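What follows is a single structure, written as structure tokens, with notes after it.
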Amino acid sequence: MTAEYKVQGEVAVISMNNPPVNGLGYDTRLGIVQGLDKALADSSVRAVVITGAGKAFSGGADIREFGTPKALAEPNLRSVIAAVEASEKPVVAAIHSVAMGGGLELALGCHYRIAAPGAQIALPEVKLGLLPGAGGTQRLPRALGVEPALNMIVSGETIKSEMLAWVPEQKLFDKMAKSADSLLEEAVALAGKMAAKHADGAPLPRLRDLPCSHPQADAYFGFARNMIENMAKNYPAPLKCLDAVIAATQQKFDDGMATERRLFSELMVTPESAALRHVFFAQRAASKIPDVGKDVPLREIRKVAVIGAGTMGGGIAMNFLNAGIPVTMLEVKQEALDRGVGVMRKNYEARVKKGRLKQDKLDERMGLLSTTLDYADLKDADLVIEAVFEEMGVKEKVFKALDEVMKDGSILASNTSTLDVNKIAAFTRRPQDVVGLHFFSPANVMPLLEVVRGDKTAKDVLATVMKLAKKIRKTAVVAGVCDGFIGNRMVEQYVRQAGFMVDEGASPEQVDKAIEKFGFAMGPFRMGDLAGNDIGWAIRKRRAKENPDMKYSGTADLLCEMGRFGQKTNAGWYDYAPGKRKPIPSPVVAEMIEKYRKDQGITPRKISEREIVERLVYSLVNEGAHILEEGIANKASDIDVVYIFGYGFPAWRGGPMHYADHVGLFNVVAAMKRFAKNPMDDARFWQPAPLLARLVAEGKTFN
Ligand code: T1G
């Protein structure tokens, strides 16, 4: 049973025990109801406390049950909460660490609530494309007030328990415990006290009995609707959250519950919710490496060294400083060090100015940073990350020097974005300690980290960096060694397709607009201007030697030959006013493209939005299938995570592989067959990857 029952004096304590976060799965729900029945039947028991064992009160409904009969099996969560609320003996929720989603809803059904400070409180269902489906939209507004409750439900954001206890006239927490340690004792005492208070049969306080209104309901909800419509264009859940909270102010409680149930069921079947639930699990599954078990011992990472104080090196260093890990940064010249440290300080100061970082935190973090010009100073670092110029000769010098000074057992990582990590490992006598840690620019902001596993990378090195990634709040995905690993290898095909479509008749802004309408944060041409078109230029030159028959549009090279590297030169595919980021379609570029088409004898044609989106997205899918088949990625969902967290693929579409499953792999391959007939395109590339062809033949999906 995943809910324990024991009696302390005259108080029964029901303790949920369903690791890791007391998800309210069927067994746990049954355990709560059976415990409650026991307590009600036992005349010596006068009150009940519900709490959670381990690291949470409860993280909510057990998402692993979603889509299975168990999720709805009685007692479903609403029935459990109704039973708690209907109890004639007072039920006290003792909340610590985490009370989220259905976990908070369970607490809202109790008569009293006591919380330890620091507990994470949230109704995050909206992040799964859902809304609180067990009374949260009806009880939280009654406990907190309409506005604070609506903010929490629509944003899904987590708020610390002590912050909520300060909301004026709140009825969420009847008491704040001194600490998590004294919580249970204080909860049992409170339960005893409440039992005495209601001994005369005085009705127990139930949130459902409280009124729920807003003094300027129409104006406030009208304003809220406008805000949400602008903010959540592609996400249906936030607006339905609003509708449910409005129902709480307009309908009787039971009718409001029925409205909430209807809206929840409507959301549960949306493709957006299926995608967001897929992303939730994909993100967590990414840290699991098939042949690296949980029992692999980890190496201790107390000190980190970063080689290179440029944009990447500085950003990488900040991740560790933010996590309280000291960093020694090495450069070859003092002025490069000074410049790098200056940029880091400026980054922090900007956050302080925006009120997103306290000054003492800035000082603390910068206090953890030391700099040096001498490799010898790195010797006691447990991890060193090289972030120098992307050229094998430079990497060789650095890794040979590191191999001389780094202590045994330290991890040597390269931030290379495409180079062969096996070759880099071979520069050292310890290839088992070498791994790729590919951060994405800006490294202190972008959540994705590609962990590149060399042939000889030791399992404990992998396990260590995956755990470290979580500590520095990165979403890490393991990639095998190939040119471009997972993300850059896929983006290569995506950008090639964008170039072909410009050759064939589309304008850069037409391509960008189409894919941004599909949901990408930024189209390929705006992305090139942001990252710097010269980066792709250098990679194409290197690749032209290795793979001369790889076809590209010639426009990207012509653009670079004109010195139009993007925002950093105030001109790229677009024009930019000095120092501004707003992309302006460029007549100069349009003329260059037109001339290029003429020189190539191309008669431009109109390209539909649908063709633009399909060629861009399916190029990711086909390359992703190759990557999966070659074992460069362990699972399709890892590829989805890379592309959502590193390249702006819309999360509400689940990632390229999930999206292909949603469209139907048969339809994807049918489209690819059409593209292969286009003489301007690359027919060879559009041959379906064998894995993709096989899945279609077997009627299967990627995920
Ligand atoms: N159900 C099942 N498993 C869960 C879970 C959940 N609700 N939450 C987390 N896990 C697993 C997770 O997959 C991972 O598993 C492990 O716990 C640790 O998670 C009716 C319908 C609670 C703040 O959305 O935000 O209630 O990989 O790595 O960083 O209205 O997990 O170890 O095998 O994230 O300490 C609403 C989602 C559900 C909360 C803990 N609840 N979870 O963070 O650990 S819908 C949520 C979180 C609902 C009702 C509706 C976080 C956390 P594994 P972790 P963490």
Side-chain angles (χ1 to χ4, degrees), residues 1-5 13-33 35 49-68 70-71 73 75-78 80-81 84 93-110 113-136 140 152-153 156-161 164 172 177 179-181 183-184 187 273 276-288 294 466-467 469-471 473 475 637:
M1 191 57 73
T2 52
E4 277 133 29
Y5 177 90
V13 178
I14 299 171
S15 194
M16 295 178 276
N17 188 9
N18 179 21
V21 294
N22 295 327
L24 289 160
Y26 171 74
D27 291 341
T28 307
R29 299 196 302 269
L30 189 60
I32 294 168
V33 169
V49 167
I50 297 179
T51 189
K55 68 184 241 186
F57 171 77
S58 167
D62 193 329
I63 320 179
R64 288 170 292 205
E65 272 187 2
F66 278 176
T68 72
K70 275 193 158 188
N76 66 39
L77 189 52
R78 281 189 326 287
V80 171
I81 294 169
V84 165
I95 296 166
H96 66 89
S97 314
V98 168
M100 287 191 177
L104 179 59
E105 291 175 300
L106 171 63
L108 291 170
C110 295
R113 285 160 295 280
I114 175 172
Q120 297 180 73
I121 311 295
L123 287 176
E125 288 86 343
V126 71
K127 293 181 177 175
L128 298 172
L130 300 170
L131 56 73
L140 193 65
M152 277 184 78
I153 292 167
E157 285 316 302
T158 298
I159 300 183
K160 288 278 165 64
S161 50
L164 291 170
L172 179 58
S179 72
D181 297 342
L183 172 69
L184 185 56
S273 182
L276 291 170
R277 296 199 306 268
H278 164 71
V279 173
F280 176 85
F281 279 115
Q283 218 183 335
R284 284 158 180 79
S287 59
K288 291 182 186 56
K294 280 194 167 155
M466 293 309 276
K467 182 107 172 89
K470 208 169 161 178
K471 187 168 167 62
R473 309 179 72 75
T475 294
S637 62

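Below, all heavy atoms of this structure are taken into account, side chains as well, without hydrogens, waters or symmetry copies. It should be emphasised that the depicted structure is a prediction, and the values quoted were computed from it without experimental measurement.
Remark: Glu157 CD to Met152 CE distance equals 9.5 Å, nearest 0.5 Å. Within the model, atoms CD1 of Ile81 and CD1 of Ile32 stand 9.0 Å from one another, a figure rounded to the nearest 0.5 Å. Taken from CD1 in Ile159 to CG in Leu172, the straight-line distance is 10.0 Å, to the nearest 0.5 Å. To the nearest 0.5 Å, atom OG1 of residue Thr2 and atom OH of residue Tyr26 are 10.5 Å apart. The CZ atom of Phe57 sits 8.5 Å away from the CG atom of Leu104 when rounded to the nearest 0.5 Å. The distance from atom NE2 of His96 to atom CG of Leu184, rounded to the nearest 0.5 Å, is 9.0 Å.
Residues satisfying the side chain to side chain donor-acceptor pair (under 3.5 Å) test with Ser637, not counting sequence neighbours, are none. Take His278 and apply the ring pair (Phe, Tyr, Trp, His ring centres under 6.0 Å) test, not counting sequence neighbours, and it matches His658. Judged as a side chain to side chain contact (heavy atoms under 4.5 Å, CB included), and not counting sequence neighbours, the contacts of Phe280 are Ile63, Leu128, Arg284. Shown here are the side chain to side chain donor-acceptor pair (under 3.5 Å) partners of Arg29, two or more places apart in sequence or in another chain: Glu65. Every residue meeting the side chain to side chain contact (heavy atoms under 4.5 Å, CB included) condition with Gln283, not counting sequence neighbours, appears here in chain and number order: Thr475, Phe645. Checked against side chain to side chain contact (heavy atoms under 4.5 Å, CB included), Ala94 has the following partners two or more places apart in sequence or in another chain: Val49, Thr51, Ile114, Leu183, Ala187.
Checking side-chain atoms of Glu105 against main-chain N and O of Gly136 turns up a donor-acceptor pair under 3.5 Å. Ser15 places no side-chain N or O within donor-acceptor distance of the main-chain N or O of Glu4, the cut-off being under 3.5 Å. Remark: side-chain polar atoms of Ser161 are paired, donor with acceptor, to backbone N or O of Ala116 under 3.5 angstrom.
Residues Asn17 and Pro19 are in side-chain contact: their nearest non-hydrogen atoms beyond the backbone lie under 4.5 Å apart. Under the 4.5 Å side-chain criterion, counting only non-hydrogen atoms from C-beta, Thr28 is not in contact with Asn22. No side-chain heavy atom of Val98 sits less than 4.5 Å from a side-chain heavy atom of Val21. Here the side chains of Met16 and Leu106 are in contact, with some heavy-atom distance below 4.5 Å. Residues Pro132 and Glu125 are in side-chain contact: their nearest non-hydrogen atoms beyond the backbone lie under 4.5 Å apart.
The minimum heavy-atom distance linking Val84 with Gly109 is given by the pair CG1-O, 3.6 Å. Looking at every heavy atom in both residues, Arg113 comes nearest to Cys110 through NH1-O, 2.8 Å. Shortest non-hydrogen contact noted between Ala122 and Gly156 is CB-O, 4.1 Å. When all heavy atoms of Ser97 and Lys55 are compared, the closest pair comes out as CB-O, 3.2 Å.
Around atom NZ of Lys288, more than 12 heavy atoms belonging to other residues, nucleotides or ligands sit under 6.0 Å away.
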